[in-house]
Engineer: 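Take a look at the following structure, please.
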Amino acid sequence: MSAPIIEKIPSAGTNTDTKKVFVKTYGCQMNVYDSQRMADALAKDGYVETSSMDDADMVLLNTCHIREKAAEKVYSEIGRIRMVREEKRANGGDLMIGVAGCVAQAEGKEIIKRAPAVDFVIGPTTYHRLGEVVAKAKTGKKVVETEYAVEDKFEHLPAPAKKVMMSRGVTSFLTVQEGCDKFCTFCVVPYTRGSEVSRPVSQIMDEAKRLVDAGVREITLLGQNVNAWHGAGGDDREWGLGELLYKLAEIDGLKRLRYVTSHPRDMDDALIEAHRDLSMLMPYLHLPVQSGSDKILKAMNRKHTGDDYRKLIDRIRSARPDIALSGDFIVGFPGETDEDFEDTMQIVRDVTHAAAYSFKYSTRPGTPGADMPNQVPEDVKSERLQRLQALLTQQQKDFMQSLVGKNMDVLIEKPGREAGQIVGRSPWLQPVICHESVGEVGDIVNVKISQVMVNSLVSDTIATKLGQ
Ligand code: 5AD
Ligand code: SF4
C-alpha cells in the first residue's frame, strides 16, 4: 500500500524563526499521540503549535482511514484549507499544507494528484523525517514520504521540552506498540500501520520517567494491538505487557496506568495477574469483541468464539472484581443474519459494558471483507445499529447510576467550566466535577458521587452549590 518517495530528501536546516503549525487530528488516541510527536519534531525547526488555522504558517492534517469515506473527508477539508491559503496569499502571507496519518499512508501520491494544493504527504512510520520533508517542500517540490521506515522512528523523534510536556496536562499517552499482525478481515490497520513493532522496555521507561518528571500522573499505554506488545527487556528476555506494567508501576510519582486497545487473544495470565496485583492499573478495560456470533467472528478472522470471550471476562473479573468493560462492535458485517445480530445483542447483555463504540460495517478497499458476498443492506445495518446502541446506552447509564452514593478516587485534571469547579477523572474514565477546594491539578482525591449528568459525575463536594 505504500507509495514511492517522489523526490530524495535533503537534510533539514535549523531555522530559529518562530512559525506556527496547526495540527488537526482525526481518529484514535494513537493519532493524538502522533500529533504531539510531530509538533515536537517541528519545534526543532522553530514551529510552535497554534489552535487556529488563521494564524498558522502550516496546517498538518493527521488523518484516519478506519471507516467510511475517510479519504473523501480529507479532500474536502483540503479544499477548505486551500481557500484560507488563497486569502492569506492575497494578504502577503502563506500556508503550507501537509497530510499525515493513515489516509496519507493509504493514498500516497494520489493525494498530490487529486489535491495539488497539498505540499507534502507523510506516513505514520516516518514522522521522524518530518523536518526534512518540510525543508524539501519549502523549496517548492511536492514530497510524498510513505515508504515504511526501516530505522526506529522512536529513536529519532525528539523528546518535547519539559515546558511543553507540562503544558499538556497530568495525563498522557505513550505509544509502546504500533501496527498489527492480526488481519481482521474488516480492518485496514495492518495495511496502513504495517506489521507489529514493539518498543523496547528501556525506551518506554525513559519516556515514562520524562513524563512523570514533567508532572504527568497517569499514563495510557497505546498500541493498535497493545496487549500483543512484546519488547526486549534488556535482560535477554522478551517481556509481555503484564511484566511491563509491573515495571512502570515502580516509577515514583506515577499514580495511574491504563492501556488501549487490546485483542481478546492476547489477554495472557501475566496481564490478568497485573490487574489483580496493581491497584494503580485502572479497573477499566477496552477489550473489543466486535460480534457475538461465532460464524461472524470466524469470518472476521478474530480467532475466538463468543464463549471464549465470556470465559475470558469471567477470569478477568475474578482477578479484579471492580473492573468495567468497554468495547467495539460492528453490525452488518457481510453474511450477518438477524440471528447473528441477536447473538451480538446477547453477548452485550451477558457481559455488560460501562461504555462502548459501535459501528456499521463499512467496506475498506483492499481488505478481505470488501470482496465478501452477502453484503448487508444499509437500512438493515442502520436498524441493527440503533437497537445495539439503545442497549449499550442503557448499560452505560446503569453503570454511571450504580456509582451514585459511592466514594472513589479521582485524578484532578483541569479547572471546570464554571467558576469554583475543578474536573477530575474516575477510575472508569468518567469526568467528575468537584469543588475546587478538594485539591490541585495532579492530586488524587477521594470523593463521594452524588449525581449523574449525561456524560459526567458530580461529587457531593459541589452538589449543594449547583442547588441540587
Ligand atoms: N467498518 C466498521 N467498523 C470498523 N472498525 C474497524 N474497521 C471497521 C470497518 N471496516 C471498528 C472496529 C475497531 C474500531 C477501532 O473500529 O470495531 O475495533
Ligand atoms: Fe484491526 Fe484491531 Fe483486528 Fe488489528 S486486531 S486487524 S487493528 S481490528
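For the single chain, residues carry numbers from 1 onward in sequence order. Read the numbers this way: they start at 1 and go in the same order the structure lists the ligands and their atoms. Every heavy atom of this structure was used, including side-chain atoms; hydrogens, water molecules and symmetry mates were not.
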Engineer: Should the pair Arg129 and Tyr127 be classed as cation-pi, given the thresholds of under 6.0 Å to the six-membered ring centre and 45° from the axis?
Structural biologist: no
Engineer: Going by the angle between their ring planes, with limits at 30° and 60°, are Phe329 and His353 parallel, tilted or perpendicular?
Structural biologist: perpendicular
Engineer: I'd like to check the side chain to side chain contact (heavy atoms under 4.5 Å, CB included) partners of Thr125; sequence neighbours left out, ordered by chain and number.
Structural biologist: Tyr148, Ala149
Engineer: So that I can tick it off, tell me whether Glu336 and Lys381 are bridged by a salt bridge, with the cut-off set at under 4.0 angstrom between side-chain N and carboxylate O.
Structural biologist: no
Engineer: Below 4.0 angstrom, N of the basic side chain to O of the carboxylate: do Asp269 and Arg276 qualify?
Structural biologist: no
Engineer: Closer than 4.0 Å to some heavy atom of Phe186 - which atoms of ligand 2 meet that?
Structural biologist: 8 (S)
Engineer: Hey, are Asp40 and Arg168 close enough for a salt bridge, meaning a charged N less than 4.0 Å from a carboxylate O?
Structural biologist: yes
Engineer: Give every pair formed by an N or O atom of ligand 1 and a protein N or O atom closer than 3.5 Å, one pair per line with both atom names and the distance to 0.1 Å, or write none.
Structural biologist:
from: ligand 1; atom 1: 1 (N); to: Ser362; atom 2: N; distance (Å): 3.0
from: ligand 1; atom 1: 10 (N); to: Phe186; atom 2: O; distance (Å): 2.9
from: ligand 1; atom 1: 10 (N); to: Ser362; atom 2: O; distance (Å): 2.8
from: ligand 1; atom 1: 16 (O); to: Arg67; atom 2: NH1; distance (Å): 2.7
from: ligand 1; atom 1: 17 (O); to: Gln290; atom 2: OE1; distance (Å): 2.7
from: ligand 1; atom 1: 18 (O); to: Gln290; atom 2: NE2; distance (Å): 2.9
from: ligand 1; atom 1: 18 (O); to: Asp328; atom 2: OD2; distance (Å): 2.6

Engineer: Identify whether NZ of Lys or CZ of Arg in Arg364 sits under 6.0 Å from the centre of the six-membered ring of Phe186 and within 45° of that ring's axis.
Structural biologist: no
Engineer: Verify the neighbour count for atom CZ of Phe183: are there more than 12 heavy atoms of other residues, nucleotides or ligands below 6.0 Å?
Structural biologist: yes
Engineer: Under 2.8 Å from atom 4 (Fe) of ligand 2, how many protein N/O/S atoms can be counted?
Structural biologist: 1
Engineer: For residues His275 and Tyr246, establish whether the separation of their ring centroids is below 6.0 Å.
Structural biologist: no
Engineer: What residues form a side chain to side chain donor-acceptor pair (under 3.5 Å) with Gln203, not counting sequence neighbours?
Structural biologist: Asp152, Glu155, Arg199
Engineer: Heavy-atom contact check, 4.0 Å cutoff: does Arg193 meet ligand 2?
Structural biologist: no
